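Encoded as structure tokens, the structure appears first; notes follow it.
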2 protein chains.
Amino acid sequence: MHIIDIIAKKRDGMVLTKNEIDFLIQNYTKGFIPDYQMSAFLMATYFQKMNDQEATYLALAMRDSGDSIDLSAIPGIKVDKHSTGGVGDKVTLILGPLLASLGVKFAKMSGRGLGHTGGTIDKLESIPGYKVELKVEDFINQVNTIGIAIVGQSGDVAPADKKLYALRDVTATVDVIPLIASSIMSKKLASGADAIVLDVKVGHGAFMKTEEEAIKLAELMVSIGRLAGKKMTAILTGMDEPLGHKIGNGLEVYEAILTLQGKGPKDLVDVTIEIGAHLLLDSKIESDFEKAKIRLHEALKNGKAYAKFLELVKAQGGDLDSLKNPENLLSKKLVEVKATSEGYIMDINALDIGKAAMRLGAGRETKEDDILLDVGLDLHQKIGSYVKKGDVLATLYVQDKGVEEAKVLVHDAITIGSIKKTLTLIKKTIK
Amino acid sequence: MHIIDIIAKKRDGMVLTKNEIDFLIQNYTKGFIPDYQMSAFLMATYFQKMNDQEATYLALAMRDSGDSIDLSAIPGIKVDKHSTGGVGDKVTLILGPLLASLGVKFAKMSGRGLGHTGGTIDKLESIPGYKVELKVEDFINQVNTIGIAIVGQSGDVAPADKKLYALRDVTATVDVIPLIASSIMSKKLASGADAIVLDVKVGHGAFMKTEEEAIKLAELMVSIGRLAGKKMTAILTGMDEPLGHKIGNGLEVYEAILTLQGKGPKDLVDVTIEIGAHLLLDSKIESDFEKAKIRLHEALKNGKAYAKFLELVKAQGGDLDSLKNPENLLSKKLVEVKATSEGYIMDINALDIGKAAMRLGAGRETKEDDILLDVGLDLHQKIGSYVKKGDVLATLYVQDKGVEEAKVLVHDAITIGSIKKTLTLIKKTIK
């Protein structure tokens with residue numbers, strides 16, 4: 001088997017075998033295939049795509065390039081969720097305790113990642129004392145005891161994917177659906193879960209700009225997961241504006257707490273409940289989708305979900321007192337952005353809002369960047385709201401950096417006009 | 001300007017500017033753009049192609065990456081020819097002296113190259129004493145004195161092309177017409193000639209297998225040359241069987257001598273005269289194409305062309321005595337390949353004949369290989385000839401290596417059957 005033949009085969013639109021894909025990934029990971037051959041292969045794949053079976057082989061080969069998590073010591077069905085990334089997405093922080101409060105096993109290893117804000121793990125670190133590093137043994141024990149653990153990635157998960165992603169990033173081959181799908185799924189398949197819900201974001205604030213692309217990506221990921229033996233669901237949700245109101249690490253923990261206490265914003269609650277209902281069914285705890293949603297709503301209202309959150313924080317060493325007044329997680333230096341005209345909020349450019357949070361220090365541009373946990377912004381308005389000139393559109397929680405830039409970004413991200421728009425949040429379910 | 005944007009632009013089918021192509025080639029040559037980005041660009045170009053203007057910019061940028069030959073000290077119109085490569089192609093050896101005998105300035109720098117046999121320079125080295133290295137000053141003086149010089153490449157011609165070609169070779173991006181055309185033309189444009197004839201070979205023994213592809217390549221090269229200010233002609237000639245009878249370095253010099261003495265095989269004479277006639281017109285020495293052909297035929301018949309060849313060999317230090325009996329240039333160890341059936345020669349697979357010559361030691365597989373100047377083969381039959389069982393099909397001139405393999409290759413390369421085929425040699429002229 002020779003790499004040039006594999007490149008030529010893909011270039012000519014032929015279907016690669018499992019052996020060929022394994023050869024490619026194994027030898028690339030070991031450094032036997034140089035980047036310049038892999039990048040030619042990636043560009044050929046940009047044009048010729050991959051079928052579901054090839055993308056599955058690729059995901060499995062990348063999973064097998066590194067460590068997988070063995071959750072077999074946790075009895076029953078383990079669940080996981082993944083979001084393709086949006087601004088203000090703090091669903092995991094709510095969904096985990098909520099599901100665990102109803103008996104679902106939620107064993108989550110999460111990355112830090114790059115982006116407008118930190119990852120789930122960074123957000124949890126804004127709670128003083130919260131330990132994101134547990135030994136695998138303690139991680140499993142905790143799930144067996146209280147039903148939930150959320151920790152940082154341990155081990156070297158899918159190193160082939162890391163190497164490949166870095167190469168795609170500099171060779172204009174990021175935007176290839178089978179490569180995106182295999183990249184995401186290689187890590188999900190290493191997570192040890194039996195049932196996975198994928199939240200595929202679509203809209204101008206998401207990686208997938210059109211519903212058509214998002215459906216393709218979702219269908220392919222569901223297919224990969226199924227071919228790998230997982231129970232899979234994907235939902236398409238809108239990212240036409242940020243999810244919820246608060247963006248930033250401590251700010252998102254704050255909004256998660258409000259939501260777990262039954263006081264969450266509608267869009268955030270709806271997405272969380274939708275994902276949760278699929279996973280309640282997959283866990284065989286409930287068999288009717290509508291009933292599952294009712295039970296989830298109840299758990300938010302009756303304090304059960306929040307109690308489980310406190311259990312989680314306590315088990316991982318977090319300071320419960322700090323949560324009594326979550327405002328304390330945030331910077332005390334506030335800056336307001338006000339409306340300069342009157343009318344309906346017609347658009348909130350989520351990417352620019354995310355960029356503003358990043359400029360304030362909430363996110364990392366490179367792996368080495370430090371992030372600030374107490375900065376970010378609170379959007380007081382959603383699309384469809386009516387505002388008068390001078391109304392506060394957003395409060396920025398700032399330290400010293402990026403304030404002026406963020407103010408302009410946030411102001412200009414919000415379009416005020418004469419039409420009252422309504423959005424569809426849950427656009428499609430692929431099961 | 002950023003390389004990722006240039007890759008993405010080509011990937012998306014857009015047309016690159018001169019600045020972008022210059023940026024790409026200059027920075028790649030200097031090593032500022034890594035191979036893995038260039039190979040993604042090359043694969044994008046495989047799919048999206050380049051238009052004539054882009055291919056011209058690419059050829060010029062590659063030419064400008066290294067040395068060009070300045071022939072301005074030679075008065076009048078300087079001519080050059082290039083063949084895309086075929087088995088048994090010794091046209092340059094004949095064409096140069098033939099044209100020079102009629103007053104054309106033939107200042108040729110030629111490479112050694114890889115292939116079934118050596119390049120023109122290797123072939124000339126089979127003449128004892130022939131010096132292929134001349135100082136540029138002496139090279140120019142010699143052309144001014146006797147009208148012709150054929151020497152090895154001096155200086156570093158189109159280093160960007162060398163680097164790019166090596167990368168294409170290992171990334172399945174060789175077979176891209178704009179890249180092939182720019183590669184050839186970058187070197188031709190560095191050669192200092194005013195008028196160039198391209199001999200584009202087509203057929204199963206050539207790089208271009210179909211006439212359609214060959215026309216595309218030829219038209220693009222002509223267009224590049226014109227846009228760069230050269231007088232251009234391309235002819236498409238068949239490579240359905242080797243050109244002439246003899247293949248190998250000394251053997252091809254031998255056949256060139258026979259041809260220069262008016263005793264050449266028809267196909268070889270026809271191609272040489274065709275190219276020569278275009279260049280006689282381009283040199284303003286003759287204005288009528290048919291008359292030009294007659295004058296060329298005459299120069300072969302009346303000894304003028306051969307006299308010029310002897311002048312060339314003498315000027316470059318070659319031993320004229322050795323040419324009195326050119327059999328002396330060849331190995332004395334002969335092996336015959338005989339027909340095992342009766343009928344018409346229906347096919348002579350030129351690639352396999354070339355491979356046989358290579359196995360005997362006539363060509364290089366890698367740059368470091370030594371070549372044997374006195375080995376090769378003499379095909380006694382051409383397509384359309386009738387043979388009986390036991391007739392000699394070919395004589396191999398051998399040393400110790402590859403004899404058995406070459407015998408089988410030559411025998412199996414020749415198909416004998418019941419149909420008398422005729423070939424069209426000059427298939428098209430693009431002017």
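Please read all numbers here as calculations on a predicted model, not as lab measurements. Just so we're on the same page: letters track the sequence lines, and every chain starts at 1.
- Contacts between A:Ile4 and chain B at a heavy-atom distance below 4.5 Å involve backbone atoms as well as side-chain atoms.
- Counted within 6.0 Å of NZ on B:Lys49, heavy atoms from surrounding residues, nucleotides or ligands total more than 12; the atom is thus considered enclosed.
- Environment of CG in B:Asp370: sparse, with no more than 12 heavy atoms of neighbouring residues, nucleotides or ligands closer than 6.0 Å.
- Within 6.0 Å of atom NZ in A:Lys187, more than 12 heavy atoms from other residues, nucleotides or ligands are found, so the atom counts as buried in its surroundings.
- To the nearest 0.5 Å, atoms NZ (B:Lys10) and CE (A:Met43) are separated by 11.5 Å.
- Residue B:Ile7 comes nearest to A:Ala172 through the heavy atom pair CG2-CB, 3.7 Å, listed as atom of the first residue, atom of the second, then distance.
- Within the structure, every pair that satisfies the salt bridge (Lys or Arg N to Asp or Glu O under 4.0 Å) test and touches residues 15-25 of chain B, not counting sequence neighbours, is listed here: B:Lys9-B:Glu20, B:Lys18-B:Asp22.
- Heavy-atom pairs under 4.5 Å with chain B peak, among A:His2, A:Gln48, A:Arg11, at A:Arg11.
- Using a 4.5 Å cut-off between non-hydrogen atoms, the part of residues 157-171 of chain B that approaches chain A consists of B:Leu167, B:Asp169, B:Val170, B:Thr171.
- Of all residues in residues 199-221 of chain B, none places a non-hydrogen atom less than 4.5 angstrom from a non-hydrogen atom of chain A.
- Between A:Ala40 and B:Ser39, the shortest heavy-atom distance links the atoms N-OG, 3.8 Å.
- Pairs engaging residues 31-54 of chain A under the ring-ring contact (aromatic ring centres under 6.0 Å, His included) rule: A:Phe47-B:Phe47 [sequence neighbours left out].
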